[in-house]
Amino acid sequence: MKLAAAGMLAFASMSLVAKDHKPQVLDVNALTELNQIHDFIVSPQGDSFIYRLAKGINSADNHLYLQQVNSKQAQQLTSHESAATNVVYAADGHSIYFLSARSGSSQIWQLPLTGGEAKQISDLPIGINGFAVSKDGQRFALELTVLPGCETLQCTLDAQALDAKQKHNVRVYDQLMVRHWDVWNTAYKSHLFIAERAEQGAFVHATDLMPDWQGDIVGASEISFHPNGQRLSFSAKYPSTTEAWTTNFDIFEVDLSNHTLSNLTAENTAWDAKPVYSPNGRYLAYKAMSVPGYESDKFTLMIRDNQTGKTRAIAKNWDRSVSELVFANDSRTLIVTAYDVGQKSIFEINAEFGDVRRIFNDGTAGKIAVTADKIFFTRHALDAPTDIYSITRDSQQVVQHTQVNAQQLANVTLAEFEQFSFQGWNNEDVYGYWLKPANFTAGKKYPIAYLVHGGPQGSFGNMFHYRWNAQLWAAQGYAVVMVDFHGSIGYGQDFTDSIARDWGGKPLEDLQKGFQAITKQQPWMDASNACALGASYGGYMMNWFQGKWSDGFNCIVNHAGLYDMPSFYSSTEELWFPEHDLGGPVWDGSEDYNKFNPAAFVKSWQTPMLVIQGELDFRVPYAQSLGAFTALQRQGIASRLVVFPDEDHHIRKPANLIVWYQEVFAWMKKYTQSK
């Protein structure tokens with residue numbers, strides 16, 4: 001469904017003249033300066049919304065804005081140099097709560113929307129990572145990093161002070177996991193606390209609801225208060241020695257009258273997440289997987305009746321995996337998002353009968369909020385950064401409420417794009433997207449940038465990506481092609497599951513057939529003049545191309561790609577991932593670690609390759625990239641290694657991101673040219 005005309009015309013009066021120095025096509029500098037929407041919330045009355053606008057990646061100009069639904073103008077609410085995050089509307093809609101470090105550490109503040117200054121609500125000796133607030137505003141659930149076993153917050157402060165005095169520098173562990181993403185684990189854990197609002201001033205005390213847990217909660221985004229404020233639910237993985245190879249997150253409920261904690265999903269040893277109470281308090285909705293140890297299993301919508309304690313799956317046979325979920329006001333209908341054939345769509349699900357109705361499917365829907373007659377959501381697409389939209393519940397009218405990059409993009413030509421399909425492995429339908437070069441001229445042949453997504457259970461769908469932005473390659477004069485090969489999400493669970501135990505099989509066949517199909521469908525694409533690029537599993541596939549499809553491309557770009565599968569297993573942190581996809585621990589005899597090991601086929605490598613790596617990457621440790629670079633150099637194959645010492649699996653810092661794109665484009669230019 002395309003956006004309704006009313007939505008696309010909503011900002012016709014807001015067209016602005018671009019500054020002279022703005023590029024005619026999108027470049028990486030302009031990308032890092034785009035305004036980004038965060039902390040989007042809708043008022044309880046549904047007549048206004050608030051969002052945080054960061055004017056550029058990591059910008060100091062990072063403030064809250066209020067906009068009436070029937071207006072195109074936004075009012076700036078905050079101006080303090082310390083950003084406001086974790087924004088929550090008060091139930092009456094007359095004020096908001098947020099986190100800010102304006103008093104020295106991250107604390108809760110309340111800002112009246114009728115005028116006046118923000119008031120500090122909490123004054124704890126430890127900064128607050130995140131929070132949720134009860135409907136009556138009298139209780140706050142807090143996420144704090146503390147030392148398990150401490151009975152007071154001062155105990156944690158004392159322990160930290162003692163750590164700082166130690167002259168030695170050592171890490172000691174008795175169990176996995178010892179590190180995650182880009183940090184080494186410490187003795188301090190993220191715990192859930194409860195605090196009562198002070199009658200006057202700020203509250204200074206909070207109670208740990210899980211004081212002895214040697215583990216973390218998922219975060220404040222997965223904390224939900226019961227409407228009566230007497231209970232709350234949260235998501236966490238119960239501490240155990242199997243943490244590194246289990247995906248058994250559970251939903252826990254706390255009775256706040258006595259702080260008794262109950263595991264509501266103990267019977268399910270797979271992943272349970274995102275608890276949400278219904279407005280009337282009768283039900284608790286959440287999403288659940290059914291396959292233990294598999295992080296890309298289908299998330300099915302679950303409903304627990306809080307009166308009977310019975311839980312049942314809703315729309316169990318619906319072949320999509322739930323992402324976000326919220327209750328409608330009637331407490332019987334849920335609005336969810338799910339990846340859906342190259343989009344991330346919005347659906348309405350009837351909790352009683354399990355009927356599913358697609359409401360919106362154009363681009364990538366993000367955070368959602370529901371009022372009596374509308375669904376508000378953030379959306380981005382291949383040709384549009386994130387803005388705020390609404391759609392009526394009958395799906396008849398879409399309105400674009402913001403256009404936060406109108407000035408930045410007013411004089412920028414963005415590439416046209418289309419979704420395509422072809423017959424892939426086993427003659428099954430496989431989908432992808434292509435983009436024309438931004439300044440396309442009919443009759444010319446254009447080189448190809450063939451982007452391969454990571455995951456591997458991921459997607460390069462209709463989305464505006466900051467680290468892998470397809471528009472930037474189109475702006476450089478490339479035809480951009482992205483294929484959602486077998487293993488991708490949004491095409492049914494069987495399609496996603498099909499990559500397990502077949503990393504180098506079906507996906508490679510899809511990528512080869514997809515390349516052949518699109519260059520026949522679009523003859524302006526030069527099949528003899530192409531570079532392939534990928535990160536993580538996409539980087540693995542670049543190494544796999546070298547051994548299995550070495551004559552397919554003029555050059556290859558490999559970011560954080562898996563190179564040697566046995567050593568990858570022994571050095572990554574989330575063991576459930578290779579154990580599921582590759583057939584168990586490396587010593588249990590699975591042939592996958594050898595059969596699909598790029599390092600085993602290095603004698604066939606011949607294509608010039610750029611290898612890029614973050615040194616703080618613990619998901620795909622940097623030795624994987626060193627191994628690939630060593631194989632290239634030792635065999636005399638043109639190659640270049642670029643290492644970012646202060647980056648992890650992703651390149652996040654703007655200055656580094658600019659260099660990343662510069663290196664990539666320079667490498668591609670060296671081996672391709674327009675014909």
Side-chain angles (χ1 to χ4, degrees), residues 1-2 222 235 247 249 251 268 270-276 285-291 294-303 311-328 332-370 375 377-381 389 391 393 395 419 421 424 428-433 453 455-463 482-500 506 510 580:
M1 178 184 69
K2 292 295 183 184
E222 297 205 20
S235 175
T247 58
F249 289 83
I251 307 298
N268 183 31
W271 201 320
D272 302 287
K274 294 276 188 181
V276 178
Y286 61 96
K287 60 183 187 178
M289 294 183 177
S290 60
V291 180
Y294 182 25
E295 66 180 2
S296 296
D297 188 28
K298 182 174 77 107
F299 268 124
T300 296
L301 183 63
M302 308 295 291
I303 294 288
T311 300
R312 58 190 176 92
I314 305 299
K316 187 175 182 179
N317 295 325
W318 179 50
D319 203 6
R320 292 293 180 267
S321 184
V322 171
S323 182
E324 298 296 316
L325 65 148
V326 296
F327 269 101
R332 296 190 303 271
T333 307
L334 286 114
I335 308 300
V336 308
T337 61
Y339 285 97
D340 181 37
V341 194
Q343 320 286 343
K344 192 174 183 183
S345 304
I346 302 175
F347 298 86
E348 180 181 274
I349 302 180
N350 182 289
E352 183 176 357
F353 301 106
D355 298 335
V356 179
R357 180 172 67 90
R358 184 190 286 115
I359 293 176
F360 180 85
N361 70 324
D362 186 0
T364 297
K367 186 171 182 179
I368 51 177
V370 182
I375 299 167
F377 59 100
T378 58
R379 172 198 179 262
H380 55 89
Y389 298 74
I391 184 170
R393 293 280 295 277
S395 309
Q419 190 174 35
S421 64
E428 294 180 3
D429 289 337
V430 177
Y431 292 83
Y433 281 94
H453 71 69
Q457 294 90 355
S459 172
F460 264 158
N462 190 4
M463 63 181 69
M482 304 174 291
V483 170
D484 272 353
F485 47 82
H486 275 79
S488 301
I489 55 177
Y491 304 90
Q493 195 59 36
D494 286 347
F495 192 90
T496 300
D497 293 345
S498 66
I499 195 173
K506 302 180 190 72
D510 286 347
H580 176 273

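Atoms considered below: every heavy atom in the structure, side chains included; atoms not considered: hydrogens, waters and symmetry mates.
To the nearest 0.5 Å, atoms CD1 (Ile499) and CD (Gln457) are separated by 6.0 Å. Separation of atoms CH2 (Trp318) and OG1 (Thr300) is listed at 9.5 Å; rounding is to 0.5 Å. How far OH of Tyr339 is from OG of Ser459: 7.0 Å, rounded to the nearest 0.5 Å. Atoms CD and OG, on Gln493 and Ser296 in that order, are 8.0 Å from each other to the nearest 0.5 Å. Atom CD1 of residue Ile335 and atom CG of residue Leu325 lie 10.5 Å apart, to the nearest 0.5 angstrom. The line from OG1 of Thr333 to CG of Asn350 is 5.5 Å long, rounded to the nearest 0.5 Å.
Put simply, the side chain of Glu295 never gets that close to the backbone of Trp271: no donor and acceptor are under 3.5 Å apart. Distance alone, capped at 3.5 Å, places no donor-acceptor pair between the Glu348 side chain and the Arg357 backbone. When atom types are taken as modelled, the side chain of Lys298 and the backbone of Lys316 share a donor-acceptor pair closer than 3.5 angstrom. A donor-acceptor pair under 3.5 Å is formed between the side chain of Asp297 and the backbone N or O of Val291. Proximity of a side-chain donor or acceptor of Asn268 to a complementary backbone N or O of Met289 within less than 3.5 Å is detected.
The minimum heavy-atom distance linking Gly354 with Ala315 is given by the pair O-CB, 3.5 Å. The two residues Thr247 and Tyr294 come nearest to each other via the heavy atoms OG1-N, 3.7 Å. Residues Ala273 and Ser235 come closest through the heavy atom pair CA-OG, 4.1 Å. The two atoms that bring Phe377 and Ala365 nearest to each other are CD1-CB, 4.2 Å, heavy atoms only. When all heavy atoms of Lys344 and Ser323 are compared, the closest pair comes out as NZ-OG, 3.2 Å. In this structure, Val370 and Ala328 approach most closely via the heavy-atom pair CG1-CA, 4.0 Å.
Cation-pi geometry between Arg358 and Phe347 is not met: the NZ or CZ atom fails to fall both under 6.0 Å from the ring centre and inside 45° of the normal. Annotation: cation-pi geometry not satisfied between Lys274 and Tyr286 (NZ/CZ under 6.0 angstrom from ring centroid, within 45° of ring axis).
Looking at residues two or more places apart in sequence or on another chain, you find no side-chain hydrogen bond (donor to acceptor under 3.5 Å, both in side chains) involving Ser321.
Within a 6.0 Å sphere centred on CZ of Phe495, other residues, nucleotides and ligands contribute more than 12 heavy atoms.
Salt bridge annotation for Glu324-Lys367: absent, with no cationic side-chain nitrogen under 4.0 angstrom from a carboxylate oxygen. In this structure, Asp362 pairs ionically with Arg379, as a charged nitrogen and a carboxylate oxygen lie closer than 4.0 Å.
With respect to Tyr433, the side-chain contact (heavy atoms from CB on, under 4.5 Å) criterion is satisfied by exactly one of Asn462, Val483, Asp484: Asn462. Looking at Asn361, Asp340, Thr337 one by one, the single match for side-chain hydrogen bond (donor to acceptor under 3.5 Å, both in side chains) with Ser345 turns out to be Asp340.
In this pair, Phe485 and His453 present their aromatic rings parallel. The plane angle is below 30°, not in the 30 to 60° band.
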